[in-house]
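A, B, ... follow the sequence lines: proteins, then strands. Residue 1 opens every chain.
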There are 2 protein chains.
Amino acid sequence: MKNKKITLKELASILKVSVSTVSKALNDSYEISEATKKKVKTAAIKYNYSPNLLAQGLKTRRTKIIGVVIPDMRAPFFIRVLRGIEKEASKKGYNILTCFSNESFEKEKATLEMLSQGNVDGILMSLSKETQELGQIDHVNEIMSNGIPVTLFDRVDDRIECDKVIINDFESTYFATKELLKAGARNILFISPISTTTIGKNRYRGYAFALREHGNLEEKVLSIEEYKDFSADLNRILSTEKVDGIIAANELTGISAVNIASRHGLRIPEDISIIGFTNGLLSMNSNPPLTTMSQHGKEIGRVATTKLLDRLNNSKLDYTTTVIETTLIKRGTTRLGF
Amino acid sequence: MKNKKITLKELASILKVSVSTVSKALNDSYEISEATKKKVKTAAIKYNYSPNLLAQGLKTRRTKIIGVVIPDMRAPFFIRVLRGIEKEASKKGYNILTCFSNESFEKEKATLEMLSQGNVDGILMSLSKETQELGQIDHVNEIMSNGIPVTLFDRVDDRIECDKVIINDFESTYFATKELLKAGARNILFISPISTTTIGKNRYRGYAFALREHGNLEEKVLSIEEYKDFSADLNRILSTEKVDGIIAANELTGISAVNIASRHGLRIPEDISIIGFTNGLLSMNSNPPLTTMSQHGKEIGRVATTKLLDRLNNSKLDYTTTVIETTLIKRGTTRLGF
DNA sequence: CTGAAAGCGCTAACAT
DNA sequence: ATGTTAGCGCTTTCAG
């Protein structure tokens, strides 16, 4: 009996009732008697009926799909966020349409345009690097003016009025730097491949502020444009300068720093302490395991999804910004007990 | 002028022509004169018209969306495949609806059901662990009988008739094992967290075959059920037995093996050689960097997408299985020159 | 070359 | 409590 898809109309004619009766029965309308509801529902199962989502969406203006725009799918952080989003969304009966902007403004814009063509009820996104460099926000505002709510996470823009979920970037590097200072480090290098993003800037500020507070210690900053040059750059710095602490603004550079320092003959954490960002698989499995600021990516995804779904059910809510606090996960690249 | 979304009907009334004329003009129908085509198209841009994908899909039975079902989003391999899929799909004007089965049969089944409700033109998927353990294939056959083509990748089932993209699992571990033998290893441990999947079984067979060929060397196999027990299990083996080579059937256990062996006081690769699977960030960034079998995940994704899209355009094609050959990436966990 | 009209599968007033 | 009907926005015969 389970076979080809069947339509409402066909089901109605099998049951010899009208389509609207079937539709209402399936949707548990108060207008329909319990008896027919039961009859319709069992028939629906028997004939393997399931509604055509396109038709339903066309009619109700609801697709139960939320679009997710991720800047970089290689970054473990975003993957964790995605996990959080997927879990929460599927719990609430929503599906996710995942798209990647690859840090490109044009791709991001094109993605939003396609998402605005009726497929999704709302959008979760993190701004691409290029978008933040260019300071563009029109494309985001435009999709919202089309009635599609957007919740931004991680990389946001103050000028966009919408729900946001961010981490306390400034404080996280501020505290990370203080930890290294407490452990005795005085020559702390800050490594960032995201110095052009809002979050990258805030992380730098936290680092710089801690140094200033601590007797105006000298800043050492390595901004990375291309990953391929990074190794050479860091090696040069380690050869020419004394460095006894490193703070990396993302996971990958943190891990690379561990490996490079280690090959450079430095003992970790005896000679140099290192703190990274994102508590992902890389950090857990490096040698030694990397002390890192956990951004609670899954939680960010979960909260962002909740906020978006809340808004879908009540568009009158005030816009809010939620800050997810980071946590320092102490592991082998920093001295114990500090 | 760029503002709210506008419909075909509205555009038609602005231009004082019929909706069908507008529709045909936009779709470059031969029935429409060049003059009106031009007029319509410029107006479409001026008034920021773009078609409602739901309505279009309802009518044409084409959504330009392909569903992707991934068993485990933490696995770097699948993420790489996803990248390949996304890139190829977006190049061809398709979007992807990404879903995760989390290695659960029920979730996989539910996902396929939802994907069969009209949202997607076709499906790319890799079977979940549980699905393979249970040997279930009905849910896949059912969605295909609903007219939605499926292309399986990596974890496939011979009993399902569809397009497939796989790697040469047997050969890859066969050659990997031979490499370790050539380097002098005689006590080679095979670690697998996927021993219940088809690919896991084939990888085991390749390993076993190489040992048998080489004078019936003794097999040592560690099958992992739970990651959390893994560390203890491996430590026990390393304490009680002589092991001078390890082949891990996936990336994560390969990396963990490196760390555990290293903490165990074994020098890598002098005392023990290790080969992992998947050429991901973890392997590149371990210490020492892991020698690994690259499965060319992006290529798998690209090819699978191509095959699916080809079938969407011509459902009469014969089903084919494409094998993507693995490549051994030699790095620091195996001795040079062997 | 253009337009009227039917209909994809569904929901929801509005009858009855 | 059930049915009739009018669309959602689009494509596509079929007429003109």
Side-chain angles (χ1 to χ4, degrees), chain A residues 4-41 43-44 47-65 114-121 146-148, chain B residues 4-41 43-44 47-65 114-121 146-148:
Chain A
K4 277 245 160 293
K5 285 232 152 296
I6 192 179
T7 70
L8 246 202
K9 200 165 146 189
E10 289 163 339
L11 190 57
S13 86
I14 289 172
L15 291 170
K16 301 198 197 315
V17 292
S18 74
V19 281
S20 65
T21 302
V22 179
S23 171
K24 286 171 188 167
L26 258 17
N27 292 317
D28 263 325
S29 163
Y30 65 95
E31 299 181 87
I32 304 295
S33 72
E34 282 306 319
T36 39
K37 272 187 193 173
K38 188 158 293 172
K39 190 178 69 176
V40 169
K41 283 180 181 173
Y47 293 99
N48 195 27
Y49 170 78
S50 67
N52 178 310
L53 262 28
L54 291 179
Q56 217 168 29
L58 182 59
K59 187 69 195 178
T60 63
R61 265 75 232 313
R62 286 256 176 159
T63 61
K64 289 277 196 175
I65 296 179
M114 100 83 186
L115 287 177
S116 73
Q117 323 207 332
N119 275 326
V120 300
D121 292 348
N146 280 329
I148 302 178
Chain B
K4 279 245 161 293
K5 284 232 151 297
I6 192 179
T7 71
L8 247 202
K9 200 166 146 188
E10 289 164 338
L11 191 58
S13 85
I14 289 172
L15 290 170
K16 301 196 197 317
V17 292
S18 74
V19 279
S20 61
T21 301
V22 178
S23 171
K24 286 172 189 167
L26 257 18
N27 291 315
D28 262 327
S29 163
Y30 64 95
E31 300 180 89
I32 304 295
S33 72
E34 282 307 318
T36 37
K37 273 187 194 173
K38 187 156 294 171
K39 190 177 68 178
V40 169
K41 285 180 181 172
Y47 292 99
N48 195 26
Y49 170 78
S50 66
N52 178 310
L53 262 27
L54 291 180
Q56 216 167 30
L58 182 58
K59 189 71 195 176
T60 63
R61 266 75 232 314
R62 287 257 176 157
T63 61
K64 289 277 196 174
I65 296 179
M114 101 82 186
L115 287 178
S116 74
Q117 322 203 336
N119 274 326
V120 301
D121 293 347
N146 279 329
I148 302 180

Next item on the list: Specify the separation, in whole Å, of atom CD of Glu34(B) and atom C1' of dT2(C).
Entry: 15 Å
Check: Would a distance-only check, ignoring hydrogens and angles, find a side-chain to backbone donor-acceptor pair under 3.5 Å from Asn146(A) to Lys5(B)?
Finding: yes
Next item on the list: Could you check how far OH of Tyr30(A) sits from P of dT2(D), rounded to whole Å?
Entry: 14 Å
Notebook entry, point to check: Quick one: Arg62(A) CZ to dA12(C) P, roughly how many Å, whole number?
Noted result: 12 Å
Note to self: What does the B/S/- profile of nucleotides 9-16 of chain D look like, 5' to 3', with a 4.0 Å heavy-atom cutoff to protein?
What the structure shows: BBBBBB--
Item checked: Nucleotide dC1(C), atom P - distance to NZ of Lys37(B) in whole Å -> 9 Å
Notebook entry, point to check: Roughly how many Å is it from CG in Leu11(A) to P in dT2(D), rounded to a whole number?
Noted result: 15 Å
Note to self: Is any side-chain heavy atom of Thr36(A) closer than 4.5 Å to one of Val17(A)?
What the structure shows: no
Note to self: Going by the rule side-chain hydrogen bond (donor to acceptor under 3.5 Å, both in side chains), which residues pair with Ser18(A) if we only count those two or more places apart in sequence or in a different chain?
What the structure shows: Ser20(A), Thr21(A)
Item checked: Side-chain N,O (Thr36(A)) to OP1/OP2 (dT2(D)) below 4.0 Å -> yes
Checklist line | Expected output: side-chain Asn52(B) to main-chain Leu54(B) donor-acceptor under 3.5 Å | finding: yes
Next item on the list: Send over the distance from Asp28(A) CG to dA12(C) P, rounded to a whole Å.
Entry: 13 Å
Check: Tell me: NZ of Lys16(B) to P of dT2(C), nearest whole Å?
Finding: 17 Å
Notebook entry, point to check: Would a distance-only check, ignoring hydrogens and angles, find a side-chain to backbone donor-acceptor pair under 3.5 Å from Ser23(B) to Val19(B)?
Noted result: no
Next item on the list: Taking all heavy atoms of Lys41(A) and all of Ala25(A), pick out the closest pair and write down the distance.
Entry: CE-O, 3.7 Å
Item checked: Whole-Å distance separating the CG atom of Leu15(A) from the P atom of dT2(D) -> 12 Å
